[in-house]
Protein chains: 4
Amino acid sequence: MRHKDEHKQKAIIDATVKLVNETGFAAASVAKIAREAGVSPATLYVYYKNKEDLLVSTYVEIKRKFGVAVTREYDPTLPIRDKLARFWRNAFVAIQEEQALFQFSEQFARTPYADLVPPEVMEEYFGPIFDTLREGIRQKIIKDLPIEILSVFMFQPVMQLANPKICAAFGKEPGDVDLAFTLAWDAIKL
Amino acid sequence: MRHKDEHKQKAIIDATVKLVNETGFAAASVAKIAREAGVSPATLYVYYKNKEDLLVSTYVEIKRKFGVAVTREYDPTLPIRDKLARFWRNAFVAIQEEQALFQFSEQFARTPYADLVPPEVMEEYFGPIFDTLREGIRQKIIKDLPIEILSVFMFQPVMQLANPKICAAFGKEPGDVDLAFTLAWDAIKL
Amino acid sequence: MRHKDEHKQKAIIDATVKLVNETGFAAASVAKIAREAGVSPATLYVYYKNKEDLLVSTYVEIKRKFGVAVTREYDPTLPIRDKLARFWRNAFVAIQEEQALFQFSEQFARTPYADLVPPEVMEEYFGPIFDTLREGIRQKIIKDLPIEILSVFMFQPVMQLANPKICAAFGKEPGDVDLAFTLAWDAIKL
Amino acid sequence: MRHKDEHKQKAIIDATVKLVNETGFAAASVAKIAREAGVSPATLYVYYKNKEDLLVSTYVEIKRKFGVAVTREYDPTLPIRDKLARFWRNAFVAIQEEQALFQFSEQFARTPYADLVPPEVMEEYFGPIFDTLREGIRQKIIKDLPIEILSVFMFQPVMQLANPKICAAFGKEPGDVDLAFTLAWDAIKL
DNA sequence: AATGAATGAGATTTCATTCAT
DNA sequence: TATGAATGAAATCTCATTCAT
């Protein structure tokens, strides 16, 4: 018997991301995704239970990738501010480098589909960030507020800044990222 | 598509928002929207040219409503910080009060459909906000950065904070909103 | 608005019966039925909720027709034997005249679909037959056995005899039917 | 398709019968049958040419089994009535013991597939029964009618009586079967 | 012999829209 | 204006079967 073809798996995910980004969730049909991926629509059902499974799995996989990218080179010995700065810069770079994946995840996250993803999954991928914020609070460096709220001020802006559709002007000059981080930091620091 | 039966018009918009929120754009079919609104599918085409027109019009209408709500009681004589604080609070209250409309607009905005809406429309609704930021820069009260970037730090967080799915803990206590505004202000103030 | 087209309704039922008889339940697809009926597959779903509804409704309708035909000219004053003879002859004629409908119902009845039909429906259509058998028992003309068992001996044979595939030789000669009824009567009479 | 793995062969037949009985011919797909049997869909094609072959072979095999069961302990020296009584009782017991196989064969026999089975095959399995009826006619013990018609009156009822779905009340008491045979015998005896 | 992967063809059903009233 | 009927096109998914191992 044959083995599952890793190449096909990747082609399907890429096609899904591309089509959803270009045409939206509503118009991204299984047939079109399959054609884009160069496989038969039936083949898609060898890899995924159904369309929902395809979309949710793709989302989770993307979130995992970003989780890895953002927490890359995590150094627990750094000062709080530097740790957060690294996460911030990592996030900015990752989003810039994988615009398509990011756009997909942003679109997906606003969809009712998103409720199907268990929250533990997300928690796992971004744990170090939350830990760092908690540590900052304990050390009285960061304002004593719920983690979700601090996260919103710290990381929501970077997601917009890295999106050239929204902030075309941003990120071209060296120093832009450090400057923007300062704003985020100013928001949450004590 | 004007002045036919206002009551039916509203029923259709409400049904559209409800269905898109609950089932997503892909599953919100004309037939289901019509059933939810208590009219025939054909009736829908009396009010809107086609499905795209229905969705885009609904979005623009929602944005208009939020524009009005956010810039309500605009007082040009107030200090910069107080003007922004009012926008902020208005936004928070408006989102809280019209969760469904807000959710729809968030979902819609990430859709390729959103590109069909001319940017001037948005500019018109939220003009006073941009003016205020520009004025703050001139007065050297706010950091001298592109308006889009300041907007991101100032208003992106409130959109998340007002969403109980993301920040369940927020907004229950009096003072929450003022406190949160302080964070946003700290980010952009000089 | 338009009205539902009785002609189309009938065309769909006829097409269903024809295709199921000729190709079996498995091969009788909605598309083929629609084509045979001269309507769009989508139109079929205006009249029936889904394929199962189409098949079950068709079956119930056929049973109703046969119920009417078998109990036609029911005369409560006749002797038991004559009443049963009339049911018997009616059944034979009805089956002969509507071979296709009968074949469909026979095939359907052996299908798991048949369990979806509530038994009261059948009871209603064939009530007079059961009443007559009960009366015969009371009058000590018929063997005192459960109605189902008597029914089996009385009416199962006629269903086979009227089927030319099984009994090609039967029913050509006048007197065949009366003769065959005698066998059924001999089985259940005291 | 002979003598590979008898165990697998049996598993496939059992799965076929089970699925056809529970979900009908239309829904009994090769994939589901294979899963139920615990083999790969491809394996099925080692044993049978195609799906049709699987179904027809299963039917013929079941008919063979019932033929053997019904004519078991055939004693040519017995009187006509006793020979038929034995066939009758054998049939009743066989159907009762192999409800699933019987249900499958009943369902299959009404299907257009059934026309693919050459009639000689059936004749071979049930030959002794037909011989006995012919003998009875010759001895002027049984009514002089075509064999098919006598068969219908003699054996159609037992097929229904042994089906608990139709005759739930029947067969529980000792003597039920003998009593019922009397009815069948009364129908055809001179 | 046995199998999981792969697929073209086709299944059922729903879609957005128009028609006739 | 308002609508239920009607439909071609397209949706998702499963089918029986073959392939490569």
Side-chain angles (χ1 to χ4, degrees), chain A residues 1-6 8-9 26-34 38-54, chain B residues 1 3-5 8-9 12 26-35 38-55, chain C residues 1-6 8-9 26-34 38-55, chain D residues 1 3-5 8-9 12 26-35 37-55:
Chain A
M1 59 135 176
R2 303 187 219 167
H3 291 94
K4 261 186 199 167
D5 188 340
E6 293 258 348
K8 256 175 204 146
Q9 172 94 280
S29 72
V30 172
K32 286 182 199 153
I33 292 171
V39 300
S40 160
T43 304
L44 222 137
Y45 289 84
V46 175
Y47 291 83
Y48 300 95
K49 197 151 50 65
N50 49 36
K51 191 186 178 182
E52 180 182 301
D53 184 30
L54 165 64
Chain B
M1 59 122 151
H3 299 110
K4 327 236 157 149
D5 182 339
K8 258 178 199 140
Q9 173 95 291
I12 291 170
S29 70
V30 172
K32 283 182 198 154
I33 290 170
R35 199 178 310 129
V39 301
S40 161
T43 304
L44 225 135
Y45 288 82
V46 175
Y47 292 83
Y48 300 95
K49 195 151 51 68
N50 51 33
K51 191 186 179 184
E52 181 180 299
D53 182 30
L54 164 65
L55 293 173
Chain C
M1 61 136 173
R2 302 189 221 165
H3 290 95
K4 261 185 197 166
D5 188 342
E6 293 258 348
K8 257 175 203 145
Q9 173 93 281
S29 73
V30 171
K32 285 182 199 153
I33 291 171
V39 300
S40 160
T43 303
L44 222 136
Y45 288 84
V46 174
Y47 292 83
Y48 300 95
K49 198 151 49 65
N50 51 35
K51 190 185 178 183
E52 180 182 300
D53 183 30
L54 165 64
L55 294 173
Chain D
M1 60 121 151
H3 300 111
K4 327 238 155 145
D5 182 338
K8 257 177 200 140
Q9 172 94 290
I12 292 170
S29 69
V30 172
K32 285 183 197 151
I33 291 170
R35 197 177 313 125
V39 301
S40 161
T43 304
L44 225 136
Y45 288 82
V46 175
Y47 292 82
Y48 300 95
K49 195 150 51 68
N50 51 33
K51 193 189 178 183
E52 181 181 300
D53 182 29
L54 164 64
L55 293 173

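Model, not experiment: these values are computed from the prediction. Below, chains carry the letters A, B, ... as their sequence lines are ordered, and counting in each starts from 1.
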Of all the nucleotides listed (E:dT17, F:dA6, F:dT17), which has the minimum atom distance to the side chain of D:N50? F:dT17
Nearest whole angstrom, please: distance from the P of E:dT17 to the NZ of B:K49. 10 Å
Closest heavy-atom contact between A:T43 and A:K8? CG2-CD, 4.3 Å
If you apply the rule side-chain contact (heavy atoms from CB on, under 4.5 Å), what do you find for B:V30 with B:L54, and how did you get there? CA-CA 10 Å; B:V30 172; B:L54 164 65; 5.7 Å; no
On DNA chain E, nearest-nucleotide positions of B:V30 versus C:A27: which is more 5'? C:A27
By nearest atom, which of the nucleotides F:dA20, E:dT7, F:dA2 is closest to the B:D5 side chain? F:dA2
Quick one: list whatever passes side chain to side chain donor-acceptor pair (under 3.5 Å) with B:E52, sequence neighbours left out. none
Of the nucleotides F:dA6, F:dC19, F:dT3, which one has an atom closest to the side chain of B:V39? F:dT3
Between A:I33 and A:A28, the two heavy atoms sitting closest are CD1-O, 3.9 Å
Counting heavy atoms from C-beta on, name the nucleotide in E:dA11, E:dT7, F:dT17 closest to the side chain of C:S29. E:dA11
Nearest to the A:V46 side chain among F:dT12, E:dT7, F:dT3, which nucleotide is it? E:dT7
Nearest whole angstrom, please: distance from the P of F:dA6 to the CZ of C:R2. 6 Å
Side chain B:Y47, main chain B:D5, donor-acceptor under 3.5 Å: yes
Assign each of C:K4 and D:K32 to its nearest nucleotide of DNA chain F by heavy atoms, then name whichever residue's nucleotide is nearer the 5' end. C:K4
How long is the line joining CD of D:Q9 and P of E:dA1, in whole Å? 13 Å
Measure from OH on C:Y45 to C1' on F:dG8 and round the result to the nearest Å. 15 Å
Nearest listed nucleotide, side chain of B:K51, among F:dC15, E:dT17, E:dC19: E:dT17
Round to the nearest Å and state the distance from A:L54 atom CG to F:dA11 atom C1'. 15 Å
Backbone N or O of A:A27 within a donor-acceptor pair of the A:K32 side chain at under 3.5 Å? yes
Please state how far atom CG in B:D53 lies from atom P in E:dT17, giving the value in whole angstrom units. 10 Å
For C:E52 and for A:L44, locate the closest nucleotide of DNA chain E by heavy-atom distance; then report the residue assigned to the nucleotide nearer the 5' terminus. A:L44
As a test of reading the structure: which of E:dC19, F:dT17, F:dT18 is closest to the side chain of D:A42, going by heavy atoms? F:dT18
Measure across A:P41 and A:A31 and return the closest heavy-atom pair with its distance rounded to 0.1 Å. CG-CA, 4.5 Å
Given F:dG8, F:dT17, E:dC19, identify the nucleotide with an atom nearest to the side chain of D:P41. F:dT17
To the nearest angstrom, the CD1-P distance between A:I33 and F:dC13 comes to 11 Å
Rounded to the nearest Å, what distance is computed from the CZ atom of residue B:R35 to the P atom of nucleotide E:dA16? 12 Å
Counting just side-chain N and O atoms, does A:Y47 come under 4.0 Å of either OP1 or OP2 of E:dA6? yes
With DNA chain F as reference, determine whether D:A31 or C:G38 sits nearer its 5' end, using the nearest nucleotide of each. C:G38
Between F:dA5 and C:K8, is there an OP1 or OP2 to side-chain N/O distance shorter than 4.0 Å? no
DNA chain F in dot-bracket form (Watson-Crick or G-U pairs under 3.5 Å, [ ] crossing, | inter-strand) is .||||||||||||||||||||
Which atom names give the shortest non-hydrogen contact between D:N50 and D:D53, and what distance separates them? OD1-N, 2.9 Å
If you only use heavy atoms from C-beta on, which nucleotide in E:dG4, F:dT12, E:dA20 is closest to the side chain of D:S40? E:dG4
